[in-house]
Amino acid sequence: MRKIQSFVRRSGRLTLEQKMGLTELWADYGVDLPKGKINLKHLFVKQQKIILEVGFGNGDSLLEMAIKTPDRNFLGIEVYEAGIGRLINEAHKHQLSNLKIIKEDAVEVLTNHIKNDSFNRFQLFFPDPWHKKKHHKRRIVQTDFLDLLSRKIIKGGKVHMATDWEHYATAMMDTLENHPYFKNTQNNLIYSPRPEYRPITKFERRGRRLGHGVWDLIFINEKT
């Protein structure tokens, strides 16, 4: 896989609750990576379909989905410590048993620690657009990343991406449409309406008030 990272590890002062999420509560919600593959069957209390979300930020939407959809298991991957600590603390308050967190580079995790055919849906909501042309190579949505996803998502599983950057939305659409294994749930080159399961975040609401658009893309994995 490519060595160029699609993220920057942000650091800063953590609140007491965030620190507690990263330390005292980590054993309940955090996943320490093994040398080999993660045994997803032993990771969750119940054996249910698993949704993977990469780059969940402060965790608001992932938390809401885990609360509202108890018949699904959710695995989140993020490197932003404040967001991880916050999400774990909130998950503890709600006593969730269907949410687990990995604090590491998603490409490294998927490549080395996840078995093929592990997930029913992959989610990537509002990733860093790396809007400068010279930084486009850092965007996570590239053909090699989709190659990797096609192996980790079950046949018939879905990829759901959303962005508020129109240029990135166009690039995502082109990359997905041109991949041999992914098929648009809409007609070719047509974006999807926001499904009810994807919560509207406060940042998205603010963007809408400012007249910013949001583009959802939902594709089915039709690997052979």
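This structure is a prediction, so every number in the text was calculated from the model and none was measured.
Cluster annotation: Y168 and L189 are assigned to the same hydrophobic cluster (Ile/Leu/Val/Met/Phe/Trp/Tyr, side-chain heavy-atom contacts under 4.5 Å, transitive). In terms of hydrophobic clustering, with Ile, Leu, Val, Met, Phe, Trp and Tyr side chains grouped at heavy-atom distances under 4.5 Å, I154 and I220 are assigned to different clusters. The cluster map of Ile, Leu, Val, Met, Phe, Trp and Tyr, joined by side-chain heavy atoms under 4.5 Å apart, puts L110 and L43 in the same cluster.
At a cut-off of 3.5 Å, with distance as the only test, a side-chain donor of W26 or D32 sits close to an acceptor on the other residue. Side-chain atoms of D71 and Q48 include no donor-acceptor pair closer than 3.5 Å. N116 and K152 share a side-chain donor-acceptor pair at under 3.5 Å.
Shortest non-hydrogen contact noted between F56 and I101 is CZ-CG2, 3.9 Å.
Centroid-to-centroid, the aromatic rings of F125 and H160 come within less than 6.0 Å.
For F126, there are no ring-ring contact (aromatic ring centres under 6.0 Å, His included) partners at least two apart in sequence or on another chain. Evaluation of the ring-ring contact (aromatic ring centres under 6.0 Å, His included) rule for F182 yields H179 as partners, not counting sequence neighbours. Under the side chain to side chain donor-acceptor pair (under 3.5 Å) criterion, H94 pairs with no residue at all, not counting sequence neighbours.
Contact of the I200 side chain with the R208 side chain is registered, since non-hydrogen atoms from C-beta on lie closer than 4.5 Å. Taking the side chain as every heavy atom from C-beta outward, E104 and L33 approach each other to under 4.5 Å.
E204 pairs in a side-chain hydrogen bond (donor to acceptor under 3.5 Å, both in side chains) with only one of the listed residues (R209, H212, R198), which is R198.
A salt bridge links E64 with K68: the closest approach of a Lys/Arg side-chain nitrogen to an acidic carboxylate oxygen falls below 4.0 angstrom. Ion pair K103/E81 flagged as a salt bridge, since at least one NZ, NE, NH1 or NH2 atom sits closer than 4.0 Å to an Asp/Glu carboxylate oxygen.
With Y181 as the aromatic partner, R151 does not meet the cation-pi criteria of under 6.0 angstrom to the ring centre and within 45 degrees of the ring axis.
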